[in-house]
Amino acid sequence: MDTLYKTDVLRLAAQATGAGKLADATKSITVDNPLCGDRVTFDVKMGADGKIAAVGHTVKGCVLCQASASVIGANAKGENAASLGAIRESLKAMLKQGAPAPAGAWATLATFTPVSGHKSRHECLLLPFEAVIQASSD
Amino acid sequence: MDTLYKTDVLRLAAQATGAGKLADATKSITVDNPLCGDRVTFDVKMGADGKIAAVGHTVKGCVLCQASASVIGANAKGENAASLGAIRESLKAMLKQGAPAPAGAWATLATFTPVSGHKSRHECLLLPFEAVIQASSD
Amino acid sequence: MKVPSQMSFDVEAIRAQFPILRTLVHGRVPLHYLDNAATAQVPEAVLDAVRAHDELRRANVKRGVHALAEAATDAYANARTKVAQYVNAREDREVIFTSGTTGAINLVAHAFGATLKAGDEIVLSGLEHHSNLVPWQLLRERTGVKLRFLGVTEEGRIDTGDLEELVSERCKLISVTHVSNVTGAITDVAAVVRAARTVGARVLLDGAQRASHGPVDVQALGVDFYALSSHKMFGPSGVGALWGRAEILAALPPFLGGGEMIRTVTLEKSTWADIPARFEAGTPPITQAVGMGAAVDWLAQVDAAAAAAHTGHLADRILHGLRAIGGGNRRARVIGPQTMERRFPVIAFAVDGAHPHDICQILDSHGVALRGGHHCAQPFHESRGLAGTTRASLALYNNAADVDAFLSGLDDALSKLT
Amino acid sequence: MKVPSQMSFDVEAIRAQFPILRTLVHGRVPLHYLDNAATAQVPEAVLDAVRAHDELRRANVKRGVHALAEAATDAYANARTKVAQYVNAREDREVIFTSGTTGAINLVAHAFGATLKAGDEIVLSGLEHHSNLVPWQLLRERTGVKLRFLGVTEEGRIDTGDLEELVSERCKLISVTHVSNVTGAITDVAAVVRAARTVGARVLLDGAQRASHGPVDVQALGVDFYALSSHKMFGPSGVGALWGRAEILAALPPFLGGGEMIRTVTLEKSTWADIPARFEAGTPPITQAVGMGAAVDWLAQVDAAAAAAHTGHLADRILHGLRAIGGGNRRARVIGPQTMERRFPVIAFAVDGAHPHDICQILDSHGVALRGGHHCAQPFHESRGLAGTTRASLALYNNAADVDAFLSGLDDALSKLT
Ligand SMILES: Cc1ncc(COP(=O)(O)O)c(C=O)c1O
Ligand SMILES: Cc1ncc(COP(=O)(O)O)c(C=O)c1O
C-alpha cells in the first residue's frame, strides 16, 4: 500500500550491510537530525591510496535511514569524500528534481525514488551520507 | 448631516462657559487622554461650605471636549467632588446604556446623546469631568 | 475523567461543520486526523467569522474614529470579552492577546522575569514543552535565576511529591503544564498552588493542551498566569492569549515596545499604557483574535462533558488496542497513564524496533495523521531513553472510524516494520 | 515619483477585487477608505487563499510526516520564498516570519541588541514611529546603549545632513523608517548606508509604509535588516517579516524561546537551530504567512509604476485641494513635502482651530475614513507643536470619487468647526 515501504527498502534496512563498529577506524563521525532524533555514526578506515578501505555504521533511526546506511555499507569501499559528495548530490537531484538515480554500483539508490514525494523524509536518506562524507574527509 | 455636530454641540463649545484661568484657585488639575492627545486643565476654587465656588478651564481638545467643559463651567458652582462624580456616572450610563440624561441643571448633557453611538468619543466628554472632580477633591 | 457507557453526542453533526474532514488524503483515502495536539481543525463558523471580519470590519483598532475602525475595535474588544469569559477572568483587561502560548510564556519570562534577580528560583518540571522551558533558560542566562525541576512519575505525571523539597522561600514562580502534550496527564494544580502560596510564589499554567477541552476556570484553579493558543482550540493560527491577575500584570514593566502600548512618548522617555494595552505592542492579530473569539463561542455551545465522554471512550479503545498489540518485540508501550483517569486523550506510545516516523508514514498511507518525534519535550523523552514516540491525539470530531483506521493501520505498520 | 498626465491603470478592475469597498458606511454612504497607512484592505485572492489553506492544508508545520503536515509545511515554505523574492533576498532563510513590523524590530532590538554594550550608540530619527523608537529605549534601559537622533527637515524628511555629526565609531546601528507614516517622505537611504559603512554600523529600515507600494530591493538598498507588516500590504493581520542578511542573522543569539527554534534541549542547556527557525519560536502564524504570500503574489502582478502614477495623481489633487482651502484660520497646512517628489501618498495636515478627531468624525459621516492623532509619532508632532494631525493615505484602489468625497467632506467639516 505505501510505496515507501516496499519490500526492497525493508530488505535493504534488514540487511544492514556494514553495520557495526570498526576497531581500526581512521575516523568516526556521529551526526544528528534534530528534527526527528535520528543519529548515525560512521566509522571509516582509509586506505593508503586515499580511498575508503572499510566502513562500519551504527544507526538509531528510521527504516529509510537504515536502508541508506546499508547502501553505503555495500558500496563505500574504493570511494572518497569527493566521490561520495557527488553521489549525495545525485541522490538529492533524484529526490528533489526527479533526476535519474546514479548508474553503476550506486544504482540501488533508485529504490528510494518514491521518497521524492515526501520532503520531510529526504533528510533520513541524506543523513548517513553526511556522516560517511565527514568521516572520510581529512 | 452628522448628528454629533449639531448646532447645539457647536454652540456649547463656542460659548466656552468658564473658560480661562482662575487666579485664586484652591487646586488645579491637568489630565491627558493619551489616545487622542486631548488635554484639559480645571482650576477650582472651593468655598468654605466645601462646595465649588468657581471654576476655570483650559481645553486643548476637540469640540466634544470643549462642549463638555463648557457644560461644567456653567453648572459646577455649588457642586462637590461626590456630586460631580454622580453626574459623571449618569453621563456614562447615558452614553453606554442609553439611560436618560440627568434632570435639572445638568439636563444640557442630553445634547450629547448622539455621542453614545461613537464609543471612541466617549472619553472626550468624560475627560473634563475627570479633571474637575480631581480638582475639587482633597 | 469518567467514561460513561452511554453517550449522547452527535459526532457526525460536529464533523459536518469541519470542511477539512471531507478531504481525501493523497486523493484516495478519507482523512483520519489524530494530530490534534499539534493543531486542531477549524469549524465553518470560525472560517466564516474570519472572512466576514476582513470583508466587513477590517481596520486598525484603537485611536480610529471612522466607522470601520470603531467596528473593528468593537470586534476586537468583544473577542477579548469572550476569551475572558472562557477562562473565567475577573476582568477583560486580564486577557492579553499574544502570538500564541509560546508568545504568552515569553511575555511572562521577560516582564515578570525583569522583576527577578540572581538566586531567585523558578520551579518547572521534567515534562514541559520546550516553550515552557527554553524561555526560562534564556531568562537564566540574562539574570542568573536558578531553575529547579519537579520530577515525573513512572505514570508520566508531574511529581508533586517533589514540591516540598524544591519550593523554597527563594522560589518566585512555579511554571508547569496544565496537561502534558505527551502523556496527556492532568497536573495536580491544587498541590502546585498550595506549595506556591506557602512561599508567596506565583503560578503559571501552560494551558495549550487543556484549552481545547472546554472552559477553564482560572479563579477556581487559583493560578496567576494562564497561557493558551487559538490554533489548538479550533481557532486561527497567529494568535493566543495570556491571562494574568490584573494586580500582577498592572505592576509589571512592558516587554515589547511599539505603537499602542504607551501613554506618552518623547525621544528621551516613554511612559506606559494601562493593561492590557501595555503588553500589546504594535498592530495586534486583529482578525485572528476575532476568529479566536468565534472559536470560543463555538466551543461554549458544545456540551463539554458529553464531548469528554465521547473522546474518552475513543481514547479507551486506543489504549486497549495498544495493549492488545501482541507479543515478542511487537509490544507497544503507552508512555503515560494507562487508563483515562485524570488525563486527556493525548496518547503517546513506543514500539521497540519501529521508528515513530516509519509508523507515521505508513499510517499516513491509511489516511491517519499522527505525529512522531519528541513533541518538543526532548528532556522527558531522554529521561525514558527514547528518541521519540508516536502520538495519537483526539478532538471531539474524531469518531469510531478514526480509531478503527488507526488500529488497523498500526497493525499493518508493525507487520512491515517489526 | 513622477506623475504622468496620462494613466493606463484600470482602478475599477482593481476595486472590484476588494469586497469591503462595496460596503456602505452607516448603511448609507459609499466607503471612501483613506486610512491605508493604518491598515490596507484585502483582495478576494488573499481572502480565498487564507480560507483554502485552513480548509485543505491546515496542520502544524515542520516535523510532521503526514500528508496535511507536508502540505502545510510546503505552503509555509512557499510563502517564505515569495516574501524573499518580494524584497529580493539572496536566500529564503533570510526571511523570518514575525507578528509584524513591531515584532520584527523588537526581535532585532533583543537579538542584535544582546551583542551591544553600554556606550555603544544607535542612531534613530525624530520622525520614527513608536515601534522604531520604544524598542530601542527599552534596550537602552537593559544595556545602557546611547540613542542619538537625526533631525527632521522643515519639509518633513529625515535630515541626513546630521549623519556626519551623529554617526561615530561608537555607532553600531542606524535604524530609520524607509517611508514616514506621517509625512510620506522617502528617506535618502543611500546617504544613511554610506554613513553606516564608514564606521561599520548596521542599517535597519522600517519598511511598514513602503512595502505596500511594490517590490523592495534590499540588496540594492544595501541595508542589513528590513521590517514589514502583512496587514499594510493587502495581506492578513497577525503576520509580518524581518529580512536580515544571512551572515548577520546566523551570528545572533535567539530572542524568543520555544518549540522549533532549538537543535537540542536538555534541562541544563539548549542549543539553537539554524536560521530562520532559530527566530521562529512556537507555532508560527502559518495561515497568515500563506496569506501574506498570496498578497505578495497579488502585488507582484500589479504594474507598480502605473499604480504609483495613479495614486500620485490622486495625491496631487489632495495636496492642491488642501492648499486651496481658503483664508483666515481655515488654512490647512500639509505636514510634509508639499509636492509628490520623493514621497508616497500619505498626507498629514493640520487646520488651526479644528481638532483632528472632529475632522475625522465629520468626514466619517461622508463615508470618508481618515485617521487623526499623533499616528504613533508623538515626538515628531511635539516638535511641530502639534498634538495631532489628520491623515489621508492612499492605496492603489482609491479613485477620483474618494478624493472628491474627501475634499467636499473637509469643506463641510471646516465650515462647521472653524
Ligand atoms: C512607519 C511604521 N512603522 C511601524 C509600524 C508598526 O507596524 P505594526 O503595527 O504592523 O507592527 C507602522 C504602522 O503602524 C508604521 O507606519
Ligand atoms: C503543552 C504545550 N505547551 C506549549 C505549546 C506551544 O504552543 P504554540 O506553539 O501554539 O505557541 C504546545 C504546542 O505545541 C504545547 O503542547
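Side-chain atoms are counted along with the backbone in the values below, which use heavy atoms only and exclude waters and symmetry mates. A quick note: this is a predicted structure, and the numbers were derived from the prediction, not measured. Quick note on labels: first sequence line is chain A, next is B, and so on, each numbered from 1.
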### Query
Picking from A281(D), G257(D), G238(D), A208(D), which has the most non-hydrogen pairs under 4.5 angstrom with chain C?
G257(D)
#### Entry: Proximal component of A72(D), with respect to chain C [non-hydrogen, under 4.5 Å]
neither
### Query
Do T23(D) and L56(C) come within less than 4.5 Å of each other through their side chains, counting heavy atoms only?
yes
#### Entry: Inter-residue atom distance I286(C).CD1 - H231(D).NE2, 0.5 Å rounding
7.0 Å
### Option that, when pairs with chain C are counted at under 4.5 Å, heavy atom only, ranks first among V368(D), L68(D), V239(D)
L68(D)
### Query
Do any of residues 98-111 of chain D have a heavy atom less than 4.5 Å from a heavy atom of chain C, and if so, which, in residue order?
T102(D), N106(D), H110(D)
### Message
For the backbone of R58(D) and the side chain of Q41(C), can you confirm whether one donor and one acceptor N or O come within less than 3.5 Å of each other?
### Response
yes
### chain D interface, residue from P284(C), S229(C), G235(C) that has the most non-hydrogen pairs under 4.5 Å
G235(C)
### Query
Are N60(D) and D35(C) close enough, and set up right, to give a side chain to side chain contact (heavy atoms under 4.5 Å, CB included), and what steps lead you there?
CA-CA 9 Å; N60(D) 214 322; D35(C) 192 19; 5.5 Å; no
### Query
Which bit of E268(D) comes within less than 4.5 Å of chain C, counting heavy atoms only: side chain, backbone, both or neither?
backbone
### Task
Write out, in numerical order, the residues from residues 370-381 of chain D with a heavy atom short of 4.5 Å from a heavy atom in chain C.
L370(D), R371(D), G372(D), H374(D), C376(D), Q378(D), P379(D)
### Task
Mind ranking V25(C), D48(C), L31(C) by heavy-atom pairs under 4.5 Å with chain D and telling me who comes out on top?
D48(C)
### Query
Just how far is it from atom CD of E141(C) to atom NZ of K269(D), taken to the nearest 0.5 Å?
6.5 Å
### Task
Hey, could you give me the CD/CG distance between E70(D) and D364(C), rounded to the nearest 0.5 Å?
7.5 Å
### Task
First locate atom NE2 of H366(C), then atom NE2 of H66(D), and finally report the distance between them rounded to the nearest 0.5 Å.
15.5 Å
### Query
Side chain, backbone, both or neither: which part of V61(D) has a non-hydrogen atom closer than 4.5 Å to chain C?
backbone
### Query
What residue in P285(C), A69(C), A369(C), G240(C) has the most heavy-atom pairs under 4.5 Å with chain D?
A369(C)
### Task
Examine the side chains of T266(D) and E382(C) and answer whether a donor and an acceptor come within less than 3.5 Å of each other.
no
### Query
Based on non-hydrogen pairs under 4.5 Å, which of A59(C), G258(C), A114(C) is most in contact with chain D?
G258(C)
### Message
Quick check for you: to the nearest 0.5 Å, what is the distance between F255(D) atom CZ and L256(C) atom CG?
### Response
5.0 Å
### Summary
In short, S270(D) meets Q137(C) closest at the heavy-atom pair OG-OE1, 2.5 Å
### Pairwise distance NE2(H130(C)) to CD1(I262(D)) - rounded to 0.5 angstrom
5.0 Å
### Query
After noting the C-alpha distance and the side-chain angles of L147(D) and L267(C), does the key distance pass the side chain to side chain contact (heavy atoms under 4.5 Å, CB included) rule?
CA-CA 9 Å; L147(D) 306 183; L267(C) 296 182; over 6 Å; no
### Message
Does any backbone or side-chain atom of E260(C) lie under 4.5 Å from a heavy atom of chain D? Answer side chain, backbone, both or neither.
### Response
both
### Summary
Cut-off 4.5 Å, heavy atoms of chain D, and the answer for A71(C) is neither
### Query
Can you check whether G259(D)'s main-chain N or O pairs, donor with acceptor, with S131(C)'s side chain at less than 3.5 Å?
yes
#### Entry: Side chain proximity check, E55(D) to I20(C), heavy atoms < 4.5 angstrom
no
### Query
When heavy-atom pairs shorter than 4.5 Å are enumerated against chain D, which of H129(C), H26(C), R57(C), R140(C) gives the highest number?
R140(C)
### Message
Counting heavy-atom pairs closer than 4.5 Å to chain C, which one of T283(D), L133(D), T287(D) comes out on top?
### Response
T283(D)
### Task
Among V50(D), V42(D), V46(D), single out the residue with the greatest number of heavy-atom pairs under 4.5 Å to chain C.
V42(D)
### Query
Side chain, backbone, both or neither: which part of L138(D) has an atom under 4.5 Å from a heavy atom of chain C?
side chain
